[in-house]
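The figures that follow rest on heavy atoms only: side chains count, while hydrogens, waters and symmetry mates do not. Both counts, for ligands and for their atoms, begin at 1 and track the order of listing.
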Amino acid sequence: MDFLDLPACSHAEGTVRLPGSKSISNRVLLLAALADGVTEVRDLLDSDDTRHMLAALKTLGVGVEDRGDNHWRITGVGGAFPVKQAELFLGNAGTAFRPLTAALALSGGDYVLKGVARMHERPIGDLVDALKQLGAQVDYLGNPGYPPLHVHPARLAGDRAQVRGNVSSQFLTGLLMALPLRRMATTVEVVGELISKPYIGITLAMLRRFGVDVAQDGWAGFTVAADARYKTPGEIYVEGDASSASYFLAAGAIGGGPVRVEGVGADSVQGDVRFADALALMGARIAMGPNWIEARAPESGRLKAIDLDCNHIPDAAMTLAVAALFADGTTTLTNIASWRVKETDRIAAMATELRKVGATVAEGADFIRITPPARLLPDAVIDTYDDHRMAMCLSLASLGGVPVRINDPGCVAKTFPTYFDAFARIVR
Ligand SMILES: O=C(O)C1=C[C@@H](OP(=O)(O)O)[C@@H](O)[C@H](O)C1
Ligand SMILES: C=C(OP(=O)(O)O)C(=O)O
């Protein structure tokens with residue numbers, strides 16, 4: 001097994017230029033592909049998840065040109081994809097799999113969508129159920145409710161669909177992105193709770209950038225007009241990734257700081273910038289400009305434990321679970337049931353790995369509670385479960401003055417291939 005030994009460290013300080021946002025990159029790529037005309041995409045994230053999206057779009061007949069330095073020229077097809085038969089492999093990229101399922105289901109072709117084994121355990125039934133109400137023909141090739149999928153041309157059907165939003169917001173995101181392909185006014189109603197709402201905010205903001213305004217009835221109803229068409233904005237810059245920012249900001253809060261991240265700040269459309277508020281609740285000193293955030297340790301030196309509903313920041317909340325190792329009491333993170341259906345069962349994985357450094361951890365269906373040890377245990381061998389965030393989060397334990405071994409560190413390639421180099425540059 002490949003591993004990386006992180007030396008003991010206790011101080012973090014410096015500036016990190018963030019890679020592009022995964023959530024924005026994959027939305028922009030799909031919207032640019034469906035739009036009429038050429039979009040110059042700047043600062044695109046270069047990682048496994050975006051490579052899967054780029055490869056899929058190329059297969060589907062979209063013009064995809066690498067201009068170097070994370071600049072991509074996308075020549076859109078102005079509607080449904082011209083290639084009418086394809087088999088796509090999308091790795092473990094939820095932001096590729098769910099939106100492409102919706103777009104392909106309304107594209108009038110015959111498509112197979114597959115991923116890695118874990119992707120075939122990640123639910124998609126709520127999206128497929130909603131698409132079927134709109135006439136989509138989708139078969140499960142494995143277990144009902146899960147990928148792989150076989151998509152056939154849709155039959156004409158009604159002007160509204162209901163979708164459940166309590167398992168993943170990506171189902172609603174996928175529907176919204178695909179609806180302009182129908183060329184008829186369509187309303188999506190959200191049934192029950194909608195989780196991870198700020199990601200719908202990103203979707204709506206990106207649709208607006210591509211010329212489509214969605215009429216919103218709170219979080220319960222979304223209507224796309226019959227004449228909605230994606231228009232290229234010409235050029236678009238991708239913000240830095242706010243979830244990736246969380247590791248460095250936490251490092252600043254734990255290891256003195258200041259640590260500054262550049263590429264994301266007060267003007268961001270990403271909900272995960274709210275991670276900075278959570279760190280502030282823990283006592284960290286936070287400063288923010290339009291395009292940067294900086295974190296320093298509390299005046300007292302030690303972080304405070306918190307009780308926090310983390311439904312709005314499901315990804316960055318994992319970083320709080322590790323910051324809790326450095327707090328003065330028991331931290332409880334609630335409303336995070338979706339952790340169990342992501343890259344791995346993140347509640348179980350986090351509990352197991354935090355215990356390896358000496359924490360006392362309780363877990364439930366939708367919460368995790370962490371009580372730090374007086375001193376972290378040295379030489380923990382951390383398993384990462386093919387989950388980039390497990391690897392990046394647990395690297396922070398080394399700031400407790402203990403050496404930490406990270407197994408399979410390459411899993412960070414999903415969203416941040418150069419993470420460990422960036423981390424090494426700010427710690428000592
Ligand atoms: O739409 C998106 O870009 C994302 C939505 C979130 O998923 P859920 O809606 O499943 O919580 C998040 O965890 C994921 O990393 C990215
Ligand atoms: C849940 C995540 O990924 P995905 O986009 O595959 O859902 C994540 O990046 O934490």
Atoms of ligand 1 close to [X] [distance to a heavy atom under 4.0 angstrom, numbered from 1]:
X	value
Ser168	8 (P), 9 (O), 10 (O)
Ser196	8 (P), 9 (O), 11 (O)
Asp315	12 (C), 13 (O), 14 (C), 15 (O)

Between ligand 2 and Glu343, can you find any atom pair, the residue atom being a heavy atom, that is separated by under 4.0 Å? yes

Please state whether Arg346 comes within less than 4.0 angstrom of ligand 2, counting heavy atoms only. yes

Close-contact set for ligand 2 against [X] heavy atoms, below 4.0 Å:
X	answer
Thr95	5 (O)
Gln170	4 (P), 5 (O), 7 (O)
Asn92	6 (O)
Gly94	4 (P), 5 (O), 6 (O), 7 (O)
Arg389	8 (C), 9 (O), 10 (O)
Lys22	2 (C), 3 (O), 4 (P), 5 (O), 8 (C), 9 (O)

Could you tell me whether some N/O pair between Arg27 and ligand 1 is separated by less than 3.5 angstrom? yes

Just heavy atoms, cut-off under 4.0 Å: does [X] contact ligand 2 by side chain, backbone, both, or neither?
X	result
Met390	neither
Asp315	side chain
Met119	neither

Verdict with supporting geometry, Val41 and Tyr237, side chain to side chain contact (heavy atoms under 4.5 Å, CB included): CA-CA 6 Å; Val41 184; Tyr237 282 82; over 6 Å; no

Is Arg389 paired with Asp315 through a side-chain N to carboxylate O contact shorter than 4.0 Å? yes

Any chance the rings of Tyr247 and Phe423 have centres within less than 6.0 Å? no

Which residue in the set Ser169, Pro147, Ser168 passes side-chain contact (heavy atoms from CB on, under 4.5 Å) when paired with Arg98? Ser168

Atom 9 (O) of ligand 1 has as its nearest protein heavy atom Ser169 OG, 2.5 Å

Write out the residue and atom name of the closest protein heavy atom to atom 2 (C) of ligand 1, then the distance separating them to 0.1 Å. Tyr199 CD2, 3.3 Å

Check contact between Arg98 and ligand 1, using heavy atoms of the residue and a distance below 4.0 angstrom. no

Restricting to non-hydrogen atoms, name the atom on Thr332 and the atom on Arg369 that form the minimum distance, rounded to 0.1 Å. OG1-NE, 3.0 Å

Output all residues satisfying side-chain hydrogen bond (donor to acceptor under 3.5 Å, both in side chains) with Ser246, sequence neighbours left out; order by chain, then residue number. Thr319

Test log, rule side chain to side chain contact (heavy atoms under 4.5 Å, CB included), inputs Asn143 and His120: CA-CA 8 Å; Asn143 292 327; His120 296 174; over 6 Å; no

Any nitrogen or oxygen of Arg98 lying under 3.5 Å from a nitrogen or oxygen in ligand 2? Just yes or no. no

Are any of the N/O atoms on Ala93, whether in the backbone or the side chain, positioned under 3.5 angstrom from an N/O atom of ligand 2? no

My understanding is that we take every heavy atom of each candidate and find the minimum distance to atom 8 (P) of ligand 1. Doing that for Lys197, Lys342, Arg346, His388, which one comes out nearest? Lys342

Looking only at heavy atoms, is any part of Ser23 under 4.0 Å from ligand 1, and if so is it the side chain, the backbone, or both, or is it neither? both

